[in-house]
Every structure is written in structure tokens, then in C-alpha cells.
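For reference, the structure discussed in these notes is given below.
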Amino acid sequence: MTVPPEELRSAADFPPTTRERWRELALGVLRKSGVEAGSPEEALASLTYDGVTIAPLYDASDLPDDPGLPGAAPYVRGARPEGGSWEVRQRHEVADPEAVLADLENGVTSLWLALEPEDLPRVLDRVHLELISITLDAGERTREAAEALFAVAEGKRAAAGRLRAPGESASAGSAGTADGRGGGGPAGERGPGELAGNLGADPLRDPRTAIDLARRCVADLPGLRAVVVDGTPYHDAGGSDAEELGCSVAAGVAALRILTGAGLGVDEAFGQLEFRYAATADQFLTIAKLRAARRLWARVAEVCGAGTSGRGAGQRQHAVTGSAMMTARDPWVNMLRTTLACFAAGTGGADAVTVQPFDARLGLPDAFARRIARNTHALLVEEAGVARVIDPAGGSWYVERLTEELAEKAWEWFQEIERAGGMAAALESGLVAGRLAATWERRSENIAHRRDPITGVSEFPDLAERVPVRQARPGRAGGVRYAQEFEALRDLADAQESRPKVFLATIGPVAAHTARASFAANLFQSGGIATVTAAPPGPGADPAAVAAAPGVDPGRIAAAFAASGAEVACLCSSDRLYGEHAEAVAAALRQAGARKVWLAGKGEFAGVDANLYAGCDALGVLRTTFDDLGVAR
């Protein structure tokens with residue numbers, strides 16, 4: 001349809017929008033919904049686990065101070081002025097050369113190797129080290145792994161030297177930029193066998209190894225860093241975003257003290273650190289966390305007198321899709337979680353990103369899961385174009401304010417750790433563990449009440465799912481899992497000879513009971529408990545009774561309950577029909593042998609033991625039901 005020119009309106013033709021006008025309209029809607037509040041901000045705002053308020057509306061007045069430009073202090077907008085894509089860093093925990101090569105041939109540009117030192121020569125035999133970066137994760141064997149990597153690189157350099165033609169240069173390129181970057185990809189333009197990446201030393205656990213490797217990197221290996229400051233264990237313990245940030249900054253400062261105390265210059269020490277953070281499906285908090293981390297570290301650099309250019313300028317970040325959010329049940333949903341997390345990590349400016357395979361909670365990932373993980377990067381970079389814009393979140397009133405407030409909370413926590421004597425003392429005294437445990441307790445409470453829903457587990461579970469079987473992962477993964485309590489009940493239900501079940505006593509027509517029956521079924525099934533429902537009245541039912549209140553026949557409902565073999569029942573209907581029939585149906589169910597009668601909704605009725613409702617303690621309901629059914633926990 002063609003719109004006449006006289007009817008076309010520009011933005012200037014519309015009345016200006018103001019926060020006051022929005023408040024007026026929002027309050028009107030809230031009051032119609034029965035919500036009484038002094039302001040819409042009060043009614044619609046939410047709090048993060050750090051006490052940061054997420055407001056329902058932001059405008060230009062929420063912008064903090066100028067965050068600077070990309071590549072310039074305080075590096076909120078990224079440490080790289082040119083922008084560009086991140087390193088696609090895939091983790092390998094098994095010495096499988098073919099899996100490593102498959103990754104490198106299909107988009108992976110960086111390897112994260114959690115392998116034994118003696119396996120490195122075989123795994124890297126056919127790998128062109130000058131085309132990628134390598135991060136080691138060898139724990140107590142970090143020194144051995146580093147020496148093994150050096151030996152592999154030296155062997156490749158020697159082999160290249162033997163094969164070059166007379167008069168040809170011994171090196172195919174320069175050693176790369178100071179941070180391991182260059183025009184040819186994440187590892188820079190380097191000669192055969194020349195290394196870029198991180199050796200994975202932990203100064204708090206093994207200061208001698210960290211010092212020795214840092215010295216070697218400074219003297220001879222400009223493409224390598226020696227130290228990883230890993231914030232993910234604090235996240236995996238159930239901690240908040242600001243707690244992860246504060247702990248990482250405190251650990252980074254502790255590492256600086258160790259390195260400079262051993263004789264490294266301030267800039268040299270800063271240049272040896274890479275930080276690792278968890279990226280989650282909460283995309284805005286992840287974006288803000290990575291931006292805040294760079295701001296915090298820039299402040300540390302300023303106080304320490306670090307230079308504003310070169311390798312130590314700006315925090316180098318490796319983002320890993322968080323382990324705590326991953327589920328073993330309905331693991332396919334993990335693809336959605338990790339896609340959101342990867343998007344947030346890239347948008348937040350991470351230098352390298354690791355997407356955990358969707359089956360990570362089931363054991364070692366298979367080839368398909370690794371393919372999906374690396375293709376997640378490709379889809380976001382090549383198809384969605386996430387890397388085409390430098391700092392795509394920059395200028396967002398919401399993101400800029402969230403970044404600032406998260407940085408403030410993290411800095412307060414960092415200062416508390418410093419007042420306690422630094423990171424080592426805070427860990428030893430239990431200060432850090434106690435703070436993380438308190439946050440995990442609050443988070444667990446929200447998960448139990450399904451205020452923090454977990455799709456495929458606490459919400460929309462599939463009792464008929466066939467969970468893929470994977471080879472067991474060597475060792476045990478540490479940390480908490482958000483889904484662990486619900487999944488433990490699912491495992492318990494699956495282990496029974498006959499699956500526990502609850503009868504849903506639907507009262508009245510479908511329109512009256514469907515919503516609450518679906519709610520109750522969803523809740524019980526989240527613990528692996530099956531639900532069965534009475535069939536609607538058949539052709540022989542009294543037409544007048546069906547027309548008046550279809551299906552409301554306590555005797556028929558009780559007979560269906562007895563035939564189901566269930567021992568626990570739950571009434572499901574509307575408030576009006578509860579008032580008319582709940583007590584009669586509950587009495588009939590009791591007479592038919594029901595051990596317990598629940599009611600989906602609120603309200604007290606004779607014969608009803610307890611209620612299910614939005615925000616109730618779902619885990620408590622499930623555990624009680626297992627006890628009522630005689631299932632030992």
C-alpha cells in the first residue's frame with residue numbers, strides 16, 4: 001500500500017518521550033495488573049547477586065564518565081584499537097592428534113592443552129606452531145610441560161633449518177608482535193617452531209616455576225606469556241561476577257608482587273599475565289564483566305606505574321563458557337547457553353574464547369560436539385558479523401552503567417581482600433571461601449524455587465530423553481553445577497525399578513485446569529517423577545453433569561486415581577472450581593488410598609496437605625514427594 005506524502009511523519013512530528021511520561025504509562029499498566037508500587041522502577045527493577053540494580057529503563061543520564069576509545073586506557077572498550085575477531089581456542093584433555101588436527105583444519109586458531117608433558121610431542125607432531133597459539137594447563141607438571149613444548153618447537157626449527165635451500169633465511173618470518181599477534185592470524189607472522197600463547201604457570205601455587213618461566217619468556221620468547229590468572233574457579237564455586245572479578249584482580253596483583261620481587265620490571269611482569277574468565281548465558285552481565293575487568297586492571301597498572309603502551313597495556317583475556325551453567329540432562333540446550341556466552345564474550349572484547357562442547361557434563365566430548373563448539377564461533381563471526389564492529393556494546397546506556405557499577409562492586413571486594421593481607425592470606429583464612437559459599441547459598445535458594453530457571457532441567461524436563469553416553473573424563477571436575485540437585489533427583493527416579501508417579505486430579509473443563517496441570521506436571525517431572533491424568537468423561541457420562549462442570553465427579557476421579565497405581569495426588573483447576581469441588585475430590589482421593597494430596601495454586605481446603613505455586617520450594621516439594629512414595633534418598 002502506498003502512503004500519501006501528506007500522511008508520512010518524521011520522528012520530529014511525534015511528541016517527545018520523557019522518563020516522566022514513561023513512569024505515568026508504566027504505573028497505569030501495573031495498577032491494572034494489581035501491582036501497587038510507588039514507582040515503576042521499584043516494581044520492575046531486579047538485583048544481581050552483587051547487589052547491582054538492573055533498572056527497567058535507562059537513558060543518557062545513566063552514562064558514567066567517558067570510557068575512552070578502543071585500545072586506549074582505561075581499555076573498557078577493548079585493548080585492541082583495530083578490533084577484529086577473537087582467537088578460537090579449543091580445549092583438549094586427551095592426547096588425540098587426529099582430533100587436534102581436525103580442529104585446526106576447521107577453524108580453530110588456538111589450542112588449550114590439558115595433557116601430560118610426555119604426550120605433547122605426539123600431539124603436536126604435525127602442527128605448524130607458527131600458525132597458532134598454545135596454552136598449557138598441566139597443573140603441578142607445568143614446568144615439565146613447558147620444557148616439552150620448548151623441545152617440540154626446537155625440533156621443528158631444526159627440521160626447517162635442515163630443509164631450507166642454500167642462502168635461504170633461517171626464519172620464515174618475524175617473531176611476531178609482543179602479545180603474539182601479527183598480520184597472519186592470532187599467532188602472528190613467525191618462523192617455523194616459534195611459539196605464541198601461555199605456559200599456564202600459577203604463581204600462587206608454584207612461584208618458583210612461574211618466575212623461571214617468566215624470565216625465559218622475557219629473555220627469549222616474546223610470543224609467550226608465562227602466567228594465567230584464572231578467575232573461573234571462583235565462578236565455578238558459585239560466586240558472583242564481581243566476586244570473580246575481585247578475586248582475579250587480587251590474584252593478578254599477587255602475581256605481580258611475586259614476579260617483580262624476583263627482579264622483573266613492572267612492564268615485564270604485566271606482560272606475562274593473561275586472565276581467564278567465565279562467560280555465561282547472561283549476555284549483558286558477561287559483556288559488562290569483561291569490560292569492567294579491563295577497567296580494573298588498567299587502574300592497577302596506573303597505580304603500579306606500568307607503561308601505557310606495549311605488551312602490558314590492557315588486560316589480555318581468555319573467556320571460557322561457564323561450567324556451572326552446563327547440564328547433563330537435555331544437554332542439547334547447552335548449545336544455546338554456550339552460543340549466548342560466546343556472543344557475549346566476543347561482544348565484551350575477549351581476546352580468546354573457548355566454547356565448551358554441549359556434552360561436557362557427560363564426559364569427554366565426541367567429534368560432533370567439538371565440531372558444534374568450533375562452529376559456534378564461525379556462525380557468530382562469519383554469519384552474524386559480531387567481530388565487524390569494534391565494541392558493539394559501547395554507548396549502550398544499560399551496558400555502560402552496568403559495567404561501571406560492576407567494576408565498583410569488584411573493586412570493593414578486591415580492597416577487602418587486600419586489607420586481609422592479599423590473595424594468599426584471604427584464601428588461607430577462609431575469607432574467599434566464605435564469601436563464595438554465601439553467594440552460592442543464595443543462588444541455590446533461587447534455583448530451588450525456580451526463580452533462576454534451568455531449561456531442560458528445572459523447567460520443561462523431558463523424562464523420555466535419551467542422554468548421550470560419553471567416555472568418562474579423567475579425574476573429577478571441581479566446582480558446583482546449578483542443575484546438580486535437580487539432576488540428582490532425576491538420577492534417583494531413573495534408578496527405581498518403577499518410575500515414581502503422581503496423579504494429577506484435573507477438575508472441570510480443559511480450559512479450567514490446563515494451566516495448573518501443566519505447571520504441576522512440569523514441577524514434578526523436574527525431579528524425574530512421572531505424572532498421570534484422569535481421562536475426560538466418556539460417551540456414557542451424564543450430559544447435564546458434563547455441561548454444568550465437565551469432569552467434576554469425585555468418584556470417577558478417585559477411581560482413575562486408584563487405577564493409575566499412584567499414591568500421591570495433586571488437584572489442578574481454577575480458584576472458582578476449587579471452592580466448589582476441592583474438598584469433595586480430596587476426600588474421595590483419601591478414601592481411594594492417597595497418602596498425600598497437593599493442590600496447584602494457593603488456598604486452604606479440608607483434605608489438602610500442601611500447595612504448589614510459582615515461587616514455591618520446588619526441590620522441597622520433590623524431596624517430600626520421594627519420601628511420601630517411600631523412595632530412599
Side-chain angles (χ1 to χ4, degrees), residues 30-37 43 445-451 453 458-460 500-527 529-537 545-562 564 566-629:
L30 288 170
R31 285 166 182 159
K32 288 180 181 178
S33 303
V35 177
E36 293 296 330
E445 184 77 3
N446 284 335
I447 292 171
H449 288 255
R450 302 197 299 177
R451 291 189 287 264
S458 67
E459 296 282 2
F460 312 113
K501 56 186 173 183
V502 168
F503 179 81
L504 302 184
T506 54
I507 302 172
V510 171
H513 64 66
T514 293
R516 280 174 168 160
S518 298
F519 170 82
N522 193 40
L523 191 155
F524 285 116
Q525 290 169 16
S526 68
I529 299 172
T531 54
V532 291
T533 308
V546 172
V552 184
D553 180 348
R556 186 186 64 80
I557 293 174
F561 167 77
S564 72
E567 298 178 330
V568 170
C570 179
L571 308 186
C572 303
S573 191
S574 65
D575 290 343
R576 180 182 67 81
L577 290 180
Y578 282 152
E580 297 174 6
H581 304 285
E583 294 184 1
V585 173
L589 290 169
R590 289 286 189 191
Q591 190 171 2
R595 294 186 180 184
K596 189 162 195 171
V597 177
W598 296 87
L599 182 141
K602 295 184 177 180
E604 297 182 4
F605 301 93
V608 172
D609 297 294
N611 300 73
L612 312 176
Y613 50 88
C616 72
D617 183 356
L619 281 176
V621 170
L622 293 170
R623 289 167 179 152
T624 298
T625 302
F626 274 106
D627 294 341
D628 292 335
L629 295 174

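For clarity, every value in this text was computed on a predicted model and none was experimentally measured.
- For Arg451, the salt bridge (Lys or Arg N to Asp or Glu O under 4.0 Å) test picks out no residue, with sequence neighbours left out.
- Closest heavy-atom contact between Cys616 and Leu612: SG-CA, 4.2 Å.
- Applying the side-chain contact (heavy atoms from CB on, under 4.5 Å) test to Thr531 and every residue at least two apart in sequence or in another chain returns Leu504, Ala521, Phe524, Gln525.
- We find the SG-CD1 distance between Cys570 and Ile529 to be 11.5 Å, quoted to the nearest 0.5 Å.
- A distance of 9.5 Å separates OG of Ser458 from CG of Leu523, quoted to the nearest 0.5 Å.
- Residues Asn522 and Phe519 form no side-chain contact, since every pair of their non-hydrogen atoms from C-beta on lies 4.5 Å or further apart.
- In this structure, the salt bridge (Lys or Arg N to Asp or Glu O under 4.0 Å) partners of Lys596, at least two apart in sequence or on a different chain, are Asp628.
- When side chains are defined from C-beta on, Val621 counts as touching Trp598, because their heavy atoms get closer than 4.5 Å.
- Contacts of Ala562 classified as side-chain contact (heavy atoms from CB on, under 4.5 Å), with partners at least two apart in sequence or in another chain: none.
- Annotation: side chain to side chain donor-acceptor pair (under 3.5 Å) contacts involving residues 610-626, sequence neighbours excluded, comprise Glu485-Arg623.
- In this structure, the side chains of Ile557 and His581 stay at 4.5 Å or more apart for every pair of heavy atoms.
- Applying the side-chain contact (heavy atoms from CB on, under 4.5 Å) test to Ala566 and every residue at least two apart in sequence or in another chain returns Lys501, Phe503, Phe561, Ser564.
- Looking at residues two or more places apart in sequence or on another chain, you find no salt bridge (Lys or Arg N to Asp or Glu O under 4.0 Å) involving Arg31.
- With sequence neighbours excluded, the residues forming a side-chain contact (heavy atoms from CB on, under 4.5 Å) with Asp627 are Arg633, listed by chain and number.
- Residues satisfying the side-chain hydrogen bond (donor to acceptor under 3.5 Å, both in side chains) test with Glu445, not counting sequence neighbours, are His449.
- Listed by first and then second residue, the salt bridge (charged side-chain N to carboxylate O under 4.0 Å, His left out) pairs that reach into residues 602-611 are Arg590-Asp609, sequence neighbours excluded.
- Results of the side-chain contact (heavy atoms from CB on, under 4.5 Å) test with Pro500 over Leu629, Val568, Leu622 single out Leu629 as the only residue that passes.
- Legend: residues meeting salt bridge (Lys or Arg N to Asp or Glu O under 4.0 Å) with Glu583, ordered by chain and number and at least two apart, are absent.
- Looking at every heavy atom in both residues, Ala586 comes nearest to Leu571 through CB-CD1, 4.4 Å.
- Contact between Ala600 and Ala520 at its shortest, heavy atoms only, is CB-CB, 4.4 Å.
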